Amino acid sequence: MQYVEYGKTGKKVSVVGFGGMRFDMDRSLEENVDLVRYAYEKGINYFDTAPDYCKGQSEIIFGEAFKKMDRDKFYVSTKGMPTKYDTAQKAIEAVKTSLERLKVDKIDFYHVWCLRKMDHYHLAMKPGGQYEGLLKCKEEGLIDHIVFSSHQPGHEIKEILKEDKFDGVLLGVNILNFPYRWDGVVEAYERGYGTVAMNPLAGGAIPKNEEKLSFLSDGDKSPTESALEFLIGSKEMTITLNGFTTKEQIHMACKIGDSAEIKEAHVESLKNKLGENLNSICTACGYCWDCPMEIPVPSYMQVYNEKQMFKANDEKMEKILKGSNEWGLLVGKKASAKDCIRCGKCEEICTQHLPIIKRLKEIEGWEK
C-alpha cells in the first residue's frame, strides 16, 4: 500500500480508504466488522463514515471493529450536516455522539457534510453555527482536523477553498465525470488541501456495466480496475474511498494501491469519449429514498442511468422497468413514479443536483 501525506496535516494516509456507506446490511454485525479489520490488515488506515450511513449502523460497525485495532495506526473520519446541526451546541453534541458510537477518544477528520450550495456553507459558518462548535471540539481535543464534503460545482468549491477554513475536501469524482469536476480537485491540491474522492465507481455503475464501458480500460486492466487506478494513481488525489462489501473488492483495491500509475495518453483519449451526460448520472447514494409517497426513487434513478449513460430509448426503459427486479423496484413499496406529488424533497437532497421530478415524469410515461 502506498501512503501519502494528507494535505499539510503531517498524517500519512493510505491511498485507498474504506468508505462506510455501502455495508451489506443483510449480513451480521460480526461479518461487517470482520470486513473492516481485514481492510486494516491489508494496509488501509483511513476509515470514513457518517451518522446516517447504512440506516444509522455504519458508525456502530466501525466502532466494534476499532476495539481490536491499534488506535495509533489508523484514522477516523465522520461527518455532520450544517442543516441538521445548525448551532454550535448541536455540532458539539453530534461530535460527542459519534465518538461514543465509534468508540474512540478523538475523530481525526470531521466533515462539514454534504454542501450542495453556498447557502449550506454560509449556514455552517454563521456566528454560533456548526463551524464554531467544531472549533471548540478541536480546542478540547475531540477532533484533529475540520474538513468539508462538497457536491458543488467547481467555481463554488474554489470560493470555499480560498477562505482557508479547512484542511481537506471530499469530492464526488470518478473516471466518468472527471472532465467536468477535476478543476476543483486541482485547486484543492495546489492549495495544499487533502483531497478525497467519493463514488470512484459511480455508485456501482461501472462494475455493473463493464462490457458497455470497456473503453475505460487501458488494455491491461478491467474498466473497474482502470477506474480505481485513475484516481489512486493521480498525484492530485490523496485518498480514494471504496464502499467495500467483500474481501475480494478490498484485495483488488489494495493491489492497485500498491503500485497505481496512470497513462496520460489514455486519460487524454478518455476526454474525447466521455459525454457531458455522464456528469449527471445517479450515484446511488440513497439520500432520496425517504419519499413521503414511498416511491423507490433511487431504484428508478438507477434504471434511468441506462438512458443517461447508454442512450437507451424509452421502449427499452419500459422493458427494464417491467421485466427486471435488478434494482429492487417497488420492493416493499406501494407507490410508483405516477404517484409523485412534486414536493421536491428528493431534488433538495440530491447530491448530483439532478432533475429527479422531470425524470420521474418521463418514467411515468414508460409505465403506460
Side-chain angles (χ1 to χ4, degrees), residues 1-21 39-40 42-50 62 72-79 106-115 138 143-152 154 157-158 160-175 177-178 181-202 225-244 250 252-262 264 267 283:
M1 179 66 69
Q2 298 180 74
Y3 298 87
V4 296
E5 184 176 352
Y6 186 106
K8 300 175 182 178
T9 67
K11 289 178 167 60
K12 288 281 189 176
V13 296
S14 53
V15 293
V16 175
F18 193 125
M21 186 180 185
Y40 171 71
K42 294 291 289 184
I44 292 175
N45 73 353
Y46 185 94
F47 298 91
D48 176 88
T49 183
F62 279 121
D72 294 329
K73 294 183 179 179
F74 67 90
Y75 299 107
V76 182
S77 161
T78 192
K79 313 175 182 76
K106 178 181 64 176
I107 294 167
D108 301 289
F109 299 92
Y110 193 93
H111 291 80
V112 174
W113 183 23
C114 203
L115 301 181
K138 187 174 181 180
I143 59 177
D144 254 3
H145 303 284
I146 305 173
V147 291
F148 73 104
S149 165
S150 176
H151 298 276
Q152 298 162 271
I157 292 171
K158 289 180 181 180
I160 295 173
L161 293 171
K162 288 176 182 177
E163 296 199 7
D164 200 26
K165 299 293 186 182
F166 302 97
D167 291 326
V169 57
L170 174 61
L171 297 165
V173 62
N174 55 62
I175 198 171
N177 66 23
F178 82 93
R181 304 196 179 189
W182 202 249
D183 57 340
V185 175
V186 172
E187 180 80 11
Y189 170 77
E190 292 180 346
R191 288 181 173 273
Y193 285 78
T195 54
V196 184
M198 57 180 149
N199 291 316
L201 298 178
E225 292 170 327
S226 296
L228 290 177
E229 185 167 54
F230 167 74
L231 292 172
I232 295 171
S234 297
K235 70 179 187 300
E236 296 89 351
M237 192 58 63
T238 308
I239 303 168
T240 299
L241 292 180
N242 288 252
F244 300 116
I250 294 172
M252 178 181 68
C254 288
K255 183 178 179 181
I256 295 171
D258 287 340
S259 57
E261 60 178 340
I262 57 175
E264 292 299 332
V267 173
T283 59

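Since the model is a prediction, treat every value here as computed from it, not as a measurement. All values below were derived from every heavy atom in this structure, side-chain atoms included, with hydrogens, water molecules and symmetry-related copies excluded.
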Could I get the full list of side chain to side chain donor-acceptor pair (under 3.5 Å) partners for K106, not counting sequence neighbours?
D144
Partners meeting side-chain contact (heavy atoms from CB on, under 4.5 Å) with M237 (sequence neighbours left out)
V173, W182, V185, T195, A197, L231, S234, T240
By side chain to side chain donor-acceptor pair (under 3.5 Å), which residues pair with Y46, not counting sequence neighbours?
S77
Flag if over 12 foreign heavy atoms under 6.0 Å of NZ, K255:
no
Intermediate values then yes/no, side chain to side chain contact (heavy atoms under 4.5 Å, CB included), Y3 and V15
CA-CA 6 Å; Y3 298 87; V15 293; over 6 Å; no
Between the CD1 atom in I143 and the NZ atom in K138, the distance rounded to the nearest 0.5 Å is 7.5 Å
Under a 3.5 Å distance rule, please check whether E236 uses its side chain to pair with a backbone N or O of V186 as donor and acceptor.
no
Identify the heavy atoms of N242 and A253 that sit nearest to each other, and give their distance.
OD1-CB, 4.1 Å
Shortest non-hydrogen contact between M1 and S14, atoms and distance
CG-CB, 3.7 Å
Run the numbers on V16 and F244 for side chain to side chain contact (heavy atoms under 4.5 Å, CB included), then give the verdict.
CA-CA 11 Å; V16 175; F244 300 116; 4.0 Å; yes
Under the side chain to side chain donor-acceptor pair (under 3.5 Å) test, residues paired with D108 that sit two or more places apart:
R71
Beyond-backbone contact of V147 with L170, side-chain heavy atoms, under 4.5 angstrom
no
Would you indicate whether the side-chain heavy atoms of V112 and K79 approach each other to under 4.5 Å?
no
Please round to the nearest 0.5 Å and tell me the distance separating atom CD1 of I239 and atom CD1 of I44.
10.5 Å
Between atom CD1 of I232 and atom CD of Q2, what is the distance when rounded to the nearest 0.5 Å?
9.0 Å
For the residue pair F47 and F18, categorise the inter-ring angle as parallel (less than 30°), tilted (30 to 60°) or perpendicular (more than 60°).
tilted
Heavy atoms of S149 and W113 approach each other most closely as OG-CD1, 3.8 Å
Quick one: are Y40 and K73 in side-chain contact, heavy atoms under 4.5 Å?
yes
Heavy-atom check, side chain of H111 versus side chain of D48, under 4.5 Å
yes
Anything under 3.5 Å between a donor and an acceptor, one on a side chain of residues 160-168, the other on a protein residue two or more places apart or in another chain? List them.
unit_1: E163; atom_1: OE1; unit_2: Y121; atom_2: OH; d: 2.6
unit_1: D167; atom_1: OD2; unit_2: H145; atom_2: ND1; d: 2.9

With no hydrogens and no angle check, is any side-chain donor or acceptor of E5 less than 3.5 Å from a backbone partner on G10?
yes
Scan for salt bridge (charged side-chain N to carboxylate O under 4.0 Å, His left out) pairs involving residues 183-196, sequence neighbours excluded, and state none if there are none.
E187-R191
Report yes or no: does K8 contribute a side-chain atom to a donor-acceptor pair with the main-chain N or O of Y193 at less than 3.5 Å?
no
Below 4.5 Å, heavy atoms only, C-beta onward: do F148 and L115 meet side chain to side chain?
yes
Side-chain heavy-atom pair Y6, F109 within 4.5 angstrom cut-off
yes
Work out which heavy atom in I175 is nearest to a heavy atom in S226; give both atom names and the distance.
CD1-O, 4.0 Å
Could you pull out the closest heavy-atom pair between H151 and C114, with the gap in Å?
CD2-SG, 4.0 Å
Distance-only, no hydrogens or angles: does the T78 side chain make a donor-acceptor pair with backbone N or O of Y110 under 3.5 Å?
no
Straight-line distance of L228 CG to I256 CD1, nearest 0.5 Å
4.5 Å
Do V169 and V196 have side-chain heavy atoms sitting under 4.5 Å apart?
no
